[in-house]
Amino acid sequence: MSDTHVVLHDPCALIEAELPLDRAPHEALVTAVLAWKSPDLEPRDYEQIALQLTGHARAVAADVRRHAAARPKSDGRGALAEVVLREADRRLSAPLEGTARCVQNRARLVRALYTRLDRLTEPAPAAHLGRLGIHGADHYYP
């Protein structure tokens, strides 16, 4: 094994944009954490889970940010994403605690970010398309 390290400069996060999110295991972790009733873990275990969720929340937030930036200004989904992203930034800046409450808050954040990402990646609602002058085939019957 070599003792050399390669530093990668990627200020535009292009490499990150090409990597798919590892969604399924993180969604399973979120589901499990939010199902806790009275867990009895060591503080360091809570911290490790919170670190995992924090890292993934940052990755999902970056994806939401990219998709929101690609939306036209007239698409309200981008504006809603900005609200969610501001809240995510605020919550991610809070220090981690070795508690179940902290871990569950990070899990809720990951869930909220995925919800917003899904809304950004689904097709625009028909009403929005109509305002843009784009109509489905059902509007063109003679």
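Only heavy atoms go into these numbers, but all of them, side chains included; no hydrogens, no water, no symmetry mates.
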Would [X] end up clustered with [Y] when hydrophobic side chains under 4.5 Å apart are linked, directly or stepwise?
X    : Y   : value
L51  : L92 : no
V110 : L80 : no
L41  : V33 : yes

Could you grab the distance from atom [atom1] of [X] to atom [atom2] of [Y], nearest 0.5 Å is fine?
X    : Y    : atom1 : atom2 : value
E47  : T54  : CD    : OG1   : 11.0 Å
Q52  : I49  : CD    : CD1   : 9.5 Å
L109 : Q104 : CG    : CD    : 13.5 Å

Would you indicate whether the side-chain heavy atoms of [Y] and [X] approach each other to under 4.5 Å?
X    : Y    : result
R116 : V60  : no
D63  : Y114 : no
E122 : R77  : yes
C102 : L96  : yes

Matching residue for V64 among L117, T115, V84 - test: side chain to side chain contact (heavy atoms under 4.5 Å, CB included):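 Answer to the side chain to side chain contact (heavy atoms under 4.5 Å, CB included) test with V64 among L117, T115, V84: L117.
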
query: Picking from L113, V103, L34, what satisfies side chain to side chain contact (heavy atoms under 4.5 Å, CB included) with R108?
result: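 In the set L113, V103, L34, the residue that makes a side chain to side chain contact (heavy atoms under 4.5 Å, CB included) with R108 is L34.
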
query: Under 6.0 Å from the CZ atom of R119, do we count more than 12 heavy atoms belonging to anything else shown?
result: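 Open: at most 12 neighbouring heavy atoms sit under 6.0 Å from CZ of R119.
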
query: For atom CG of D118, is the number of surrounding heavy atoms from other residues, nucleotides or ligands below 6.0 Å larger than 12?
result: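 Atom CG in D118 is packed in, count exceeds 12.
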
message: Please give me the minimum heavy-atom distance between D40 and Y46, naming the atom from each residue.
response: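 For D40 versus Y46, the nearest heavy atoms are N-OH, 3.9 Å.
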
field: Minimum heavy-atom distance A107-V30, with the two atoms named
entry: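 Taking A107 first and V30 second, the nearest heavy atoms are O-CG1, 3.6 Å.
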
task: Please list, chain by chain and in numerical order, all residues satisfying side-chain hydrogen bond (donor to acceptor under 3.5 Å, both in side chains) with R90, sequence neighbours excluded.
output: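 Counting only residues at least two positions away or on another chain, R90 forms a side-chain hydrogen bond (donor to acceptor under 3.5 Å, both in side chains) with E87.
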
- request: Using atom types as modelled and distance alone, determine if a side-chain donor or acceptor of R106 lies under 3.5 Å from a backbone N or O of R91.
  value: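 Yes; judged by distance alone, with no hydrogens or angles, the pair exists.
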
- prompt: Using 4.0 Å as the upper bound for N to carboxylate O, is an ion pair formed by R58 and D89?
  reply: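 No, this pair does not count.
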
